Amino acid sequence: MGKGIDRVRKKSIAGVILAGGKSSRMGQPKELLAWQGSTLIQYLRQEVNAAGLPCLIVSNTPEALQREGEKGQGAEVAEAAVEVEVTRDLVPSAGPISGIVSAFRLRSEEALLVLSCDLPFADRTQLERLIQYAGEVSEWDAIVVKEERLHPLFALYHRRSQPRWEEALQMKQHRLMEVLRGLQVVTTPPGLLDPWAAFNANTPEEYRIALQEKQKRETGQP
């Protein structure tokens, strides 16, 4: 496929948070875990907006997330309303792929910054570094964060990749890595992001680890 965004402008990118999973390993909705004085989903939304991006949240329970946002943010929600949209999948739910397809159909930006809802350390600094790096890469369909392994749900996807996502959905190919094989993928270089940026809190134990790391950072412990 062709060249990437020549000059990545924030107005040409939308942030997308995928919160449609069942959270079976966590035992409760991951997106509603307490984090930074709010919930994980609200924290990620705030960081996406703070990075200068509009935010689309794709969820199977949009009403619950909207109520949570109103409860947690108060007047701030009204101020940020034009920057945040919550929606269900527009297509039959098929894991992250249906969320990505829905996001491409709903948004008009040149690229999507796709995040899973279980990234407690994906703060605005990490998002801005990823966007800046995209502006330095001449050709890409996807820029995927790599920290020991690939993280396809912490990635930038160019609109040129939309046909591949649509095809995968139609063909019932629901594995993210299979879709990536058909794209021009660039991975992030070592040291670009905080080593914890792509840490996923998928289980109670991982959530406990995230809380411990958060406490270390707040108290300055090594």
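From a predicted model like this one, the values you see are computed outputs, not experimental measurements.
A distance of 8.5 Å separates CH2 in W140 from OG in S161, rounded to the nearest 0.5 Å. Put simply, CG on L169 and CD1 on I97 are 7.5 Å apart, with the number rounded to the nearest 0.5 Å. To the nearest 0.5 Å, atom CG of residue L33 and atom CE of residue M26 are 5.0 Å apart. Put simply, NZ on K30 and CG on L40 are 9.0 Å apart, with the number rounded to the nearest 0.5 Å. Distance check, rounded to the nearest 0.5 Å: CD of Q46 to CD of Q42 gives 6.5 Å. Interatomic distance, CG of L56 versus CG of L106, reported as 6.0 Å (0.5 Å rounding).
Side-chain contact check for L192 versus P190: every heavy-atom pair is 4.5 Å or farther apart. Residues V58 and V16 are in side-chain contact: their nearest non-hydrogen atoms beyond the backbone lie under 4.5 Å apart. Taking 4.5 Å as the limit, every side-chain heavy atom of L156 sits out of range of all side-chain heavy atoms of L112. Side-chain contact check for R45 versus C55: some heavy-atom pair is nearer than 4.5 Å. P152 has its side chain within reach of L180: a pair of non-hydrogen atoms, C-beta onward, lies under 4.5 Å apart. Counting only heavy atoms from C-beta outward, the side chains of C117 and L18 never approach each other to under 4.5 Å. Between L44 and W35 there is no side-chain heavy-atom pair separated by less than 4.5 Å. In this structure, V186 and V144 have side chains that are not in contact, with every pair of non-hydrogen atoms separated by 4.5 Å or more.
Applying side-chain contact (heavy atoms from CB on, under 4.5 Å) to E47 and the options I17, L115, D123, L119 leaves one that passes, D123.
Not counting sequence neighbours, the partners of Y157 by the ring-ring contact (aromatic ring centres under 6.0 Å, His included) test are W165.
Judged purely by atom type and a 3.5 angstrom limit, S102 uses its side chain to pair as donor or acceptor with the backbone of L90. Using a distance-only test at 3.5 Å, with no hydrogens or angles considered, no donor-acceptor pair links the side chain of R124 to the main chain of A51. Listed for the E206 side chain is a donor-acceptor partner under 3.5 Å among the backbone atoms of T203. H151 places no side-chain N or O within 3.5 Å of a backbone atom of L153 that could act as its donor or acceptor partner. At least one donor-acceptor pair closer than 3.5 Å links the side chain of T188 to the backbone N or O of K146.
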| said: Determine whether L113 and L130 satisfy the following criterion, side-chain contact (heavy atoms from CB on, under 4.5 Å), listing intermediate values before the conclusion. | reply: CA-CA 9 Å; L113 173 56; L130 182 59; 3.6 Å; yes

| Given the rule in the side-chain contact (heavy atoms from CB on, under 4.5 Å) test, do I131 and L53 qualify, once you have shown the distances and angles that lead to the verdict? | CA-CA 11 Å; I131 292 169; L53 307 180; 3.9 Å; yes

| said: Is there a side-chain contact (heavy atoms from CB on, under 4.5 Å) between Q184 and H158? Walk through the geometry before answering. | reply: CA-CA 10 Å; Q184 185 166 355; H158 197 281; over 6 Å; no

| field | Steps toward side-chain contact (heavy atoms from CB on, under 4.5 Å) verdict (Q212, Q215) | value | CA-CA 5 Å; Q212 287 182 336; Q215 184 177 23; 5.6 Å; no

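Taking all atoms of both residues into account, the shortest heavy-atom contact from L32 to T39 is O-CG2, 3.8 Å. Of all non-hydrogen atoms in D89 and S98, the two that sit nearest each other are OD2-OG, 3.1 Å. The heavy-atom pair separating K214 from F121 by the smallest distance is N-CZ, 4.2 Å. The shortest heavy-atom contact between Y43 and P120 is CE2-O, 3.3 Å. Considering every non-hydrogen atom in both E31 and A19, the closest pair reads OE2-O, 3.8 Å. Contact between R129 and L193 at its shortest, heavy atoms only, is CB-CD2, 3.8 Å.
Heavy atoms from other residues, nucleotides or ligands lying under 6.0 Å from CD of E218 number more than 12. Applying the 6.0 Å contact sphere to CZ of R217 captures more than 12 heavy atoms from other residues, nucleotides or ligands.
Between E85 and R107 a salt bridge is recorded (basic side-chain N to carboxylate O distance below 4.0 Å). Salt-bridge formation is not detected for the pair R159/D141: no Lys NZ or Arg NE/NH1/NH2 atom is positioned less than 4.0 Å from an Asp or Glu carboxylate oxygen.
Residues M171 and V101 fall into different hydrophobic clusters, defined by Ile, Leu, Val, Met, Phe, Trp and Tyr side chains chained together at heavy-atom separations under 4.5 Å.
Among pairs with a residue in residues 197-222, those fulfilling ring-ring contact (aromatic ring centres under 6.0 Å, His included) read W196-F199, at least two apart in sequence or across chains.
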